[in-house]
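Letters go in sequence order (proteins before strands), and every chain restarts at 1. Values below: all heavy atoms of this structure, side chains included; hydrogens, waters and symmetry mates excluded.
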Amino acid sequence: MSDNPWAAVTQSQIAAADAAVSGAERDAISGHIYPCWNLDAGAMQGTNYRVRLALDVTREGRVTRATVHPEDEARMAREPRYRSFVETARRAAFNPRCSTVPVPRAPYEHWRTLFLTFDPRDVR
Amino acid sequence: MRLKLLTAIAAATLLAACASEPASTTQTTGTGTTTQTPPSVTRSPQEVLAAEAGDRVFFAFDRFALSADAQATLRRQATVIGRFPQARIMIEGHADERGTREYNLALGERRANAVRDFMAQLGVPAARITTTSFGKERPAVVGSNEAAWAQNRRAVTVLQ
Amino acid sequence: MLHLPMPRTAASALGRPSPTRNHLTVEPSRRQLLVGLAATTAGAAVVAPLSPALAQLQIDITRANPQPMPIAVLDFVPQGNDGQRYGRDIAQVVAADLERSGLFRPIERGAWIQQPDAVGVQPRYSDWRAINAQALVTGGAGVQADGRLRVEFRLWDVFGEQSIEGQILAAHPSSWRRIAHKVSDLIWKRVTGEDGHFDTEIVFISESGPTNARRKRLAIMDQDGANLRFLLPQTRDIMLTPRFSPVTRDITYMSYFNNRPRVYITNLDTGQQELLGDFSGMSFAPRFSPDGNRVVMSLAEGGATTIYELDLRSRRRVQLTQGRNIDTSPSYAPDGRRIVFNSDRGGAPHLYVMGADGSNPTRISFGQGRYSTPVWSPRGDLIAFTVQRGGQFGVGVMRPDGTGERILSESFLDEGPTWSPNGRVIMFFRQSPSDGRGNQRSRLMQVNISGANLREVPTPEDASDPAWSPLIP
């Protein structure tokens with residue numbers, strides 16, 4: 001994967017998104033995706049796994065592509081258990097029941113890529 | 001005080017249990033006051049022990065200390081045992097079902113050993129006594145209540 | 001029809017199958033074939049080359065939905081003699097394994113849109129997405145000219161639109177259930193990244209008769225309850241606490257010899273049994289060391305119960321704990337360096353961890369109640385135990401330093417946890433209180449370490465003291 005959506009990210013971009021998209025809109029997106037994240041708590045025992053996924057979405061909010069952060073992708077190659085964890089997150093993003101997210105009101109340029117961190121800290 | 005009360009309840013329920021137990025049960029039970037065997041029949045040492053002394057003593061939950069009642073029973077047992085100098089003595093320790101198997105095997109051994117130590121003090125040669133434990137594997141009384149458990153926390157003296 | 005070029009199996013090279021331990025071979029099929037087919041729609045439809053985003057909208061997903069994964073396990077298609085029967089039976093065993101694990105929810109055949117014999121080289125993913133299948137299992141089965149049952153299977157990622165696992169297995173047809181369990185293990189491993197626990201056995205005590213004259217026999221069955229058999233002729237009436245060797249086909253257990261508890265060892269294949277150790281007192285609570293070379297156990301004598309280690313090769317014994325306490329139920333850490341055990345040295349029974357040489361015993365359980373039967377997880381990260389609290393018994397887990405205690409089950413009597421070899425599932429036994437007629441049921445139960453998926457493990461008679469085998473090689 002040569003594309004790295006994270007490569008050119010700056011603090012000002014984060015600030016721009018923070019200003020343009022409300023907390024409620026973010027919650028709506030996470031609240032839309034997590035029900036499709038089928039994760040067994042037993043699998044998380046003794047881990048502190050998390051994964052960063054960049055989701056490309058259409059103007060309608062449909063997920064078209066998921067890119068795993070390069071550091072996390074490297075870890076997938078090393079750890080089968082972590083790879084399985086990442087796959088649960090990827091399945092959540094592509095599950096037809098959840099893969100069209102509620103779109104924010106801000107201009108499309110602010111959210112055409114969603115930078116999600118799947119971190120099951122409320123599950124452990 | 002509490003211990004005594006338990007023992008009294010135990011004795012009372014034991015009688016009730018005996019009355020309802022099927023005749024085929026081989027375990028000899030009794031406190032020395034109930035069994036009536038016709039005098040014409042020759043009784044085994046075990047039957048004599050059960051009839052004249054009571055063949056068992058009872059313990060509090062997770063304890064192996066001998067109560068005053070238990071000590072009295074064992075004194076009577078020692079007297080009976082003195083009349084059967086050839087008999088070998090096996091003390092079986094038991095526990096109620098409110099513990100795990102392995103812990104209860106250890107607890108039963110402790111109870112059997114407490115009886116052996118006391119009998120040795122009374123002059124019964126320790127060499128004649130062996131001890132074992134059945135943990136919670138061989139309850140005398142079937143039941144999941146304190147009355148049954150009190151009966152099952154026991155050490156039984158078996159003359160062979 | 002599933003027609004993929006597969007390499008020949010190496011099964012015949014492994015020699016004649018024996019009736020008791022059939023050889024079972026597994027090898028990867030050619031997954032490369034499918035690389036080019038991967039993902040055309042939902043999985044990775046590339047819209048345009050990505051340019052840097054104007055803004056970075058960051059969102060955390062911290063909750064998840066602990067639902068089992070919907071999966072469709074299709075009948076394996078016939079590929080050889082008796083293919084129809086084996087194909088269907090194997091798929092059913094696989095689906096049952098996956099369902100029982102609590103991690104998967106097999107979708108019943110009535111909901112399938114595409115039928116098994118129409119799946120061909122690759123599934124019609126949209127049909128499977130439509131019924132919410134996240135994964136799909138297909139395969140073929142049949143007895144070949146050499147008399148061996150050959151089974152191939154594929155695991156498909158429905159959203160990713162690609163095959164993510166595929167293997168060929170071969171064995172004597174009598175081992176068809178083992179092949180099915182191996183398929184389950186391979187699916188589990190690909191989906192969780194961890195070893196499975198399906199091709200395993202449970203040794204346990206089968207109980208019959210009234211509570212006060214219970215007959216207890218040593219029995220063994222497959223992890224799913226199939227192939228139950230009794231291990232030893234019924235020569236004694238009490239047998240307890242069997243445990244598997246982690247490396248050999250030996251089982252150690254406790255029974256009575258001359259009316260006293262003694263530790264025995266028996267071999268599953270030869271049936272030979274042997275008294276272990278020349279001890280004058282009672283011996284019980286045996287457990288193998290992780291390398292299988294030693295057995296640690298309790299010895300009770302003179303009112304004290306202490307822990308000994310017996311070297312199976314030299315028969316040398318070493319006393320590990322001292323004193324007038326009850327020290328019992330020892331269990332090694334998987335690295336063999338530490339032992340967790342049960343002791344009443346502080347009053348009520350609690351859990352302690354010491355070095356494998358008996359050094360530095362340290363109490364780890366501090367909760368209310370009485371703790372016993374600690375068992376170290378094969379993964380090393382948890383210790384399972386029985387806790388007696390408020391008139392109930394439960395099975396729980398805690399970390400080896402005593403933190404993170406979680407109770408997984410509770411009833412009148414839950415006792416004696418044993419770990420699946422991957423450390424994900426705990427089995428134990430549950431005894432009901434005596435009913436009015438003096439009957440008392442005892443059953444095997446299993447629960448996932450998350451506390452989910454508590455369920456009964458059916459056995460023909462009453463059962464207790466389960467011990468889970470390692471994965472069968």
side-chain hydrogen bond (donor to acceptor under 3.5 Å, both in side chains) between B:Thr100 and C:Ser372, intermediate numbers included: CA-CA 7 Å; B:Thr100 48; C:Ser372 50; 3.0 Å; yes
Verdict with supporting geometry, B:Leu105 and C:Met254, side chain to side chain contact (heavy atoms under 4.5 Å, CB included): CA-CA 11 Å; B:Leu105 283 169; C:Met254 189 222 100; 3.4 Å; yes
Please determine, among [options], the option with the most heavy-atom pairs under 4.5 Å with chain B.
| options | answer |
| --- | --- |
| C:Asp465, C:Thr211, C:Ile326, C:Asn439 | C:Ile326 |
| C:Ala300, C:Ser298, C:Pro433 | C:Ala300 |
| C:Thr373, C:Asp344, C:Leu413 | C:Asp344 |

Minimum heavy-atom separation for [X] to [Y], with atom names?
| X | Y | answer |
| --- | --- | --- |
| B:Ser144 | C:Ser434 | OG-N, 2.7 Å |
| C:Ser464 | B:Arg101 | OG-NH2, 2.8 Å |
| C:Ala304 | B:Glu109 | N-OE1, 3.9 Å |
| B:Glu137 | C:Ile238 | CB-CD1, 3.9 Å |
| C:Asn258 | B:Met90 | O-CE, 4.4 Å |
| B:Glu102 | C:Ala285 | OE2-CA, 3.1 Å |

Neighbour count >12 (heavy atoms, 6.0 Å) for atom CZ, B:Arg63: no
B:Arg88 atom CZ: more than 12 heavy-atom contacts under 6.0 Å: no
Quiz item: cation-pi between B:Arg98 and C:Phe412, 6.0 Å / 45°: yes
From CZ (C:Arg260) to OG1 (B:Thr131), nearest 0.5 Å: 5.0 Å
Separation of C:Glu415 CD from B:Tyr103 OH (nearest 0.5 Å): 13.0 Å
[X], part contacting chain B, at a heavy-atom distance under 4.5 Å:
| X | answer |
| --- | --- |
| C:Glu207 | side chain |
| C:Phe429 | side chain |
| C:Asn342 | side chain |
| C:Thr305 | side chain |
| C:Thr328 | side chain |

Best-contacting candidate, B:Leu107, B:Asp117, B:Thr130, B:Val142, against chain C by heavy atom pairs under 4.5 angstrom: B:Val142
When B:Asn152, B:Asn145, B:Thr132 are compared by non-hydrogen pairs under 4.5 Å with chain C, the top option: B:Thr132
B:Phe64 portion near chain C, given a 4.5 angstrom heavy-atom threshold: neither
